[in-house]
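In each ligand, atom 1 is the first atom listed, and ligand 1 is the first ligand listed.
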Amino acid sequence: MSETPPLRLTNTLSRSVEAVEPVATAPDGRPLLRFYSCGPTVYSYAHIGNFRTFLTADLVVRTAAALGWAVRYVSNVTDVGHLTEDDVADGAGEDKMAKALASKEGEQFETVWDLARHYTAALVEDWHALNLLEPNVRPRATEHLREQIEAVEGLVERGHAYETDDGVYFHVPSFPDYGKLSGNRDADTLVEGTREVVRDDAKRDPRDFALWKKDPGHLMQWFSPYGWGFPGWHLECSVMAQKYLGETIDLHGGGEDLRFPHHECEIAQAEALTGQPFSRYWMHTRFLQVEGEKMSKSKGNFLTVRDLTLAPEDGGREDWGAPLDPLALRLALISGHYAKPFNLTRKTLSDAQKNRQRYVDADAAVRDALDAGRPGDDVLAGPLDVAYGEALAAMADDLNTPVALAAALRGAGDVLKAHRAEPLSGASARTARAFLDHVEALLGIVGTGAADEAAPEDDGLAAQVEALLIQRTEARAAKDWARADAIRDELDALGVDVMDTPSGPQWKRKD
Ligand SMILES: Nc1ncnc2c1ncn2[C@@H]1O[C@H](COP(=O)(O)OP(=O)(O)OP(=O)(O)O)[C@@H](O)[C@H]1O
Ligand SMILES: [Zn+2]
């Protein structure tokens with residue numbers, strides 16, 4: 001196969017399509033992409049718009065792996081109840097989890113904790129149904145309260161945050177780069193954007209956003225040096241990204257609405273705390289609309305994976321036709337380019353179901369032919385090599401899924417055409433098998449399980465060790481020898497030996 005192209009993505013920070021160049025290398029010498037993608041707030045089932053954004057992240061991971069990179073991929077679960085107006089920097093309104101608990105659907109849950117557990121489990125189920133790779137780490141906000149509180153304390157100590165009777169706020173004027181991602185720099189527009197919000201009169205600047213909200217009446221609350229309360233939403237992601245990926249990460253992603261304020265606030269928190277750049281590249285997925293309408297959980301007009309893939313008696317939606325094969329839904333959701341708005345229609349779904357069938361048929365033909373082991377030449381190597389090369393090049397070029405899917409579909413069509421003309425030889429079938437497995441690893445639409453082989457290795461130990469090695473490299477670069485030694489002790493306690501080699505640290509389990 002031809003030389004591997006660079007991975008280019010639309011970087012929101014520079015507003016241009018750029019080649020992504022990871023800074024770190026994996027212990028085996030491959031480029032290591034450190035990638036954080038914002039997950040959902042689990043107060044309801046994730047909708048297919050959320051999944052469009054998660055699928056973008058999935059395709060980044062698959063494409064990077066197909067290019068031969070190592071990937072460390074973190075996607076969180078927001079299980080702290082944040083506020084219904086969190087889309088303005090200083091969130092206000094009702095708590096989303098509390099509101100969900102009080103709703104009709106919430107009656108089945110005793111507490112917000114049960115509700116969060118239920119929707120987290122449902123998220124993971126739908127994630128697997130749509131054949132998304134499991135992240136190396138799926139951290140929960142509620143399991144990282146200590147780290148979030150430490151970050152608030154750090155920001156207060158460094159003069160970037162201050163306490164009032166109601167909470168602790170990040171002081172925006174203390175961070176001159178605020179606005180570099182979204183372009184929202186103007187204090188007046190920012191204030192206008194927050195007009196409807198209940199404000200704390202003790203705030204020093206109207207743009208200052210909450211790091212900690214004091215609220216002894218909140219359903220989910222923790223104790224901090226600032227009393228009982230809960231963290232601001234923006235805090236969890238910068239804290240968990242840095243914990244699992246290091247001070248500077250390569251790529252951070254989410255849906256277009258997160259650009260401001262969420263990601264802008266993450267940058268301010270992280271960079272004010274460490275003095276280092278937070279994420280080198282940012283990517284944002286444009287919204288999914290359904291039949292021309294914007295869809296969101298809080299509006300209540302959303303479709304879930306379950307609505308479209310289950311039979312009506314199991315909870316599927318009758319008005320959307322026969323239940324779809326989940327991989328057909330996946331195909332439909334990735335059929336538009338992530339950086340352009342995407343309107344999903346009934347026709348998108350029926351076309352996807354048809355195209356998906358071509359992969360099912362090609363896969364069946366190849367299995368038969370492998371069993372039969374017929375003699376004869378390999379007639380597929382040429383066209384399938386070209387088709388896969390085109391698909392990979394298109395994905396590397398800013399995840400151009402329309403072109404990649406067309407090339408992959410043409411390849412599956414070539415397999416079927418050849419098989420219909422004359423049953424495939426064993427040699428052709430082996431080539432076709434390799435092609436379908438590569439397409440599965442890259443796009444996840446064949447459903448043969450090859451994706452598992454492409455998944456970032458995750459046996460827990462590897463993830464922990466790699467995180468520690470990144471922190472150790474950073475500690476050494478900062479000449480923080482005490483920290484580097486402490487990390488070495490932690491690695492020792494995990495039962496691994498580390499060897500420093502010219503291509504970076506290598507590790508193995510102790511004998
Ligand atoms: N219609 C959509 N299309 C694509 N991505 C979306 C859409 N709606 C939300 N997202 C993205 O899904 C991810 C999870 O978001 P979140 O759980 O906040 O969902 P939400 O539907 O926006 O909820 P809410 O309406 O309560 O804000 C975020 O990255 C968000 O940007
Ligand atoms: Zn986030």
Side-chain angles (χ1 to χ4, degrees), residues 12 35-58 60 74-88 91 93-100 103 116 119-120 122-123 126-127 132 135 138-141 144 148 181 231-242 244-245 249 251-270 278-279 282-305 332-334 336-344:
T12 316
F35 175 33
Y36 187 94
S37 166
C38 289
T41 308
V42 284
Y43 67 94
S44 177
Y45 292 108
H47 56 67
I48 56 172
N50 301 140
F51 270 102
R52 169 164 154 85
T53 293
F54 307 151
L55 280 162
T56 302
D58 184 68
V60 167
V74 179
S75 186
N76 68 303
V77 169
T78 299
D79 54 355
V80 172
H82 291 294
L83 304 178
T84 47
E85 288 169 32
D86 260 328
D87 53 339
V88 286
E94 242 180 307
D95 176 280
K96 286 180 190 170
M97 298 273 197
K99 197 173 160 194
S103 72
Y119 290 118
T120 305
L123 167 80
D126 294 348
W127 192 279
L132 284 100
R138 195 194 287 283
R140 293 167 198 218
H144 296 78
Q148 292 177 73
L181 181 70
W233 168 44
H234 314 303
L235 196 57
E236 70 183 73
C237 287
S238 59
V239 164
M240 298 192 296
Q242 293 192 308
Y244 293 106
L245 297 171
I249 72 172
L251 177 65
H252 194 314
E256 60 175 311
D257 58 327
L258 300 191
R259 204 167 57 110
F260 184 84
H262 185 54
H263 289 161
E264 198 72 73
C265 296
E266 276 193 54
I267 292 175
Q269 292 158 172
F278 175 38
S279 182
W282 288 83
M283 68 185 304
H284 291 96
T285 302
R286 299 296 300 272
F287 268 172
L288 173 84
Q289 305 198 331
V290 173
E291 303 279 14
E293 268 245 30
K294 180 174 177 290
M295 196 184 56
S296 88
K297 263 190 294 206
S298 46
K299 277 182 152 187
N301 65 346
F302 61 90
L303 286 169
T304 64
V305 173
L333 290 173
I334 65 174
H337 190 256
Y338 78 95
K340 299 198 179 104
F342 181 58
N343 184 27
L344 184 86

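- Put simply, Cys38 gets within reach of the Zn ion (ligand 2), with an N, O or S atom under 2.8 Å from it.
- Backbone and side-chain nitrogen or oxygen atoms of Thr53 are examined, and one is located within less than 3.5 angstrom of a nitrogen or oxygen of ligand 1.
- Met97 and Asp79 make their closest contact through CE-O, 3.2 Å (heavy atoms, listed as atom of the first residue, atom of the second, distance).
- Contact atoms of ligand 1 toward Leu288: 1 (N), 2 (C), 3 (N), 4 (C) (distance under 4.0 Å to a heavy atom of the residue).
- Counting heavy atoms closer than 4.0 Å to ligand 1, residue His47 contributes side-chain atoms (C-beta onward) but none from N, CA, C or O.
- In this structure, Leu258 has a heavy atom closer than 4.0 Å to ligand 1.
- The line from NZ of Lys96 to CH2 of Trp233 is 6.5 Å long, rounded to the nearest 0.5 Å.
- Taking only nitrogen or oxygen atoms, main chain and side chain alike, Asp257 reaches within less than 3.5 Å of ligand 1.
- Side-chain N or O atoms of Gln269 include one that pairs as donor or acceptor with a backbone N or O of His234 at under 3.5 Å.
- Between Phe54 and ligand 1, a contact under 3.5 Å exists for no N or O pair.
- A donor-acceptor pair is defined here as one N or O able to donate and one able to accept, closer than 3.5 Å; such a pair exists between the side chain of Gln148 and the backbone of Ala141.
- A donor-acceptor pair under 3.5 Å is formed between the side chain of Asn76 and the backbone N or O of Gly39.
- A distance-only check finds a donor-acceptor pair linking the side chain of Arg52 to the backbone of Arg286 [under 3.5 Å].
- From Phe287, atom CZ reaches atom CG of Asp257 across 3.5 Å, with rounding to the nearest 0.5 Å.
- Between atom CG of residue Asp126 and atom CZ of residue Phe54 there is a gap of 10.5 Å, rounded to the nearest 0.5 Å.
- The nearest non-hydrogen atom to atom 14 (C) of ligand 1, considering only Asn50, Val42, Thr78, comes from Asn50.
- Which parts of ligand 1 touch Pro40 is read off a 4.0 Å heavy-atom cut-off, strictly below it: atoms 14 (C), 17 (O).
- Within His262, the N, O or S atom lying nearest to the Zn ion (ligand 2) carries the name NE2.
- Checked by distance only, ligand 1 and Gly49 come closer than 3.5 Å through their nitrogen or oxygen atoms.
- Each of the following atoms of ligand 1 lies closer than 4.0 Å to a heavy atom of Gly255: 29 (O), 31 (O).
- Listed for the Ser75 side chain is a donor-acceptor partner under 3.5 Å among the backbone atoms of Ser37.
- Heavy atoms of Tyr43 come nearer than 4.0 angstrom to ligand 1 in at least one pair.
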